[in-house]
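Indexing begins at 1, ligand by ligand and atom by atom, following the structure's order. Positions are given from 1, in the same order as the sequence printed here.
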Amino acid sequence: METTVPSFVLDAASSAKRITVLTGAGMSAESGVPTFRDAQTGLWEQFDSEALATPQAWDADTDFVWACYVWRMALVRRVSPNAGHIALARWQAVSDLRIATQNVDDLHERAGSEVLTHVHGSLFASRCSGCEAPYDAEIDLPDEPFERITPPVCPGCGGAVRPGVVWFGENLPEGSFDSAVDAVTDSDLVLVVGTSGMVYPFAALPEIARGGGARVVEINPNETALSRSLDFSWQEGAAIALPALVDALGIP
Ligand code: OAD
């Protein structure tokens, strides 16, 4: 689908020497990964995804929460990076462009980008819920959703293996937010792609970027909690806007 790159965005991108792209679930929406706050589908549709993403939910029903996450892992394994992920990889190949993401999928990497920081962890970095040791063995991914799956057991201490994502009330991976702050304060242009701007501290990064002198542009088909406090809001999907922008910049 064709779109016109707004002149503000093209000017800001053409003149930027250092760029940071902040991504959220909308970045992967056109790959077929459901966002968090748009309507959910499937087995977990009746559950608020935030209610599942807590240590309390894990303690109350470990097999249920594990089943939810292995289904998400299976879903991410089945889908591909979209044109937006690929455009960012093209742009990064020729520019000083950092990516800081809230996403726990690996679609930026599979498109060929290097990700500076996964601020909310990774679906594919499971670890022991007891001793915290990384769990590197292959995880069986189901072909269909199950309501309950018992997680693997840590070979070191016998604890249950948990997903490597950050749950509400937990600390972010060490240094993950600081590196995002360093990136945005060192940038001329910050793109905020596909996030509702509801979850802090990540949602503070656009404001921190503006405080550091960057121009901040949102790419999102919908208005968000951030839209009114940024320099420009481009209401377009990531898989349409980013390739259009990278093409307009003349990047191969
Ligand atoms: P949300 O689900 O809150 O927001 C997704 C955003 O993507 C919305 O603003 C949509 O309008 C937008 N969107 C939808 N389709 C899009 C498209 N094709 N292109 C661009 N944008 C599109 O997801 P996040 O903001 O990423 O945290 O959520 C933040 C955090 O809340 C997640 O990392 C997760 C969740 O709970 C944890 O699990 C700790």
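- Checking only distances, N222 does come within under 3.5 Å of ligand 1, N or O to N or O.
- In terms of N/O distances under 3.5 Å, ligand 1 is not approached by I219.
- The side chain to side chain contact (heavy atoms under 4.5 Å, CB included) with R98 is formed by just one residue from the set I19, D186, V21; it is D186.
- Ring-plane geometry between W167 and W58 is classed as tilted, the angle between the planes lying from 30 to 60 degrees on a 0 to 90 degree scale.
- With no hydrogens or angles considered, a side-chain donor-acceptor pair links T224 and E218 at under 3.5 Å.
- R210 forms no cation-pi arrangement with F232, by the criterion of a distance under 6.0 Å to the ring centre and an angle within 45° of the ring axis.
- At least one N or O atom of E30, backbone or side chain, sits closer than 3.5 Å to an N or O atom of ligand 1.
- Of the N and O atoms on the side chains of T23 and Q102, not one donor lies less than 3.5 Å from an acceptor on the other residue.
- Taking a cut-off of under 4.0 Å to the non-hydrogen atoms of G237, the atoms of ligand 1 that pass are 17 (C), 18 (N), 19 (N).
- Judged by distance alone, the side chains of H120 and E170 never bring a donor and an acceptor atom under 3.5 Å apart.
- The main-chain N or O of V181 is found under 3.5 Å from a side-chain atom of T185 such that the two form a donor-acceptor pair.
- For a threshold of 3.5 Å applied to N or O pairs, the pair formed by V199 and ligand 1 contains no separation below that value.
- For T224, the heavy-atom gap to ligand 1 drops under 4.0 angstrom.
- Contact detail for N82 and A239: the closest heavy-atom pair is OD1-CB, 3.8 Å.
- Contact analysis leaves M198 out of contact with ligand 1, as no non-hydrogen atom separation drops below 4.0 angstrom.
- The shortest N/O to N/O separation between N103 and ligand 1 does not fall below 3.5 Å.
- Put simply, part of F168 is less than 4.0 Å from ligand 1, judged by heavy atoms.
- Considering every non-hydrogen atom in both L189 and A12, the closest pair reads CD1-CB, 4.0 Å.
- With a 4.0 Å cut-off on non-hydrogen atoms, T195 touches ligand 1 through its backbone as well as its side chain.
- Checking only distances, E236 never comes within under 3.5 Å of ligand 1, N or O to N or O.
- At least one heavy atom of P221 sits less than 4.0 Å from an atom of ligand 1.
- Contacts of Q102 with ligand 1, taken as heavy-atom pairs under 4.0 Å, involve both backbone and side chain.
- Near V166, the atoms of ligand 1 lying under 4.0 angstrom from a non-hydrogen atom of the residue are 37 (C), 38 (O), 39 (C).
- Between A25 and ligand 1, at least one N/O pair is under 3.5 Å apart.
- Taking every heavy atom of A29 and a limit of under 4.0 angstrom, the matching atoms of ligand 1 come to 15 (N).
- Considering only heavy atoms from C-beta on, W66 comes within 4.5 Å of V161 through its side chain.
- Taking each of A241, G194, G24 in turn, the one with a heavy atom nearest to atom 5 (C) of ligand 1 proves to be G194.
- Hydrophobic clustering of Ile, Leu, Val, Met, Phe, Trp and Tyr side chains at less than 4.5 Å, counting indirect connections, unites I149 with L52.
- Checked by distance only, ligand 1 and A238 come closer than 3.5 Å through their nitrogen or oxygen atoms.
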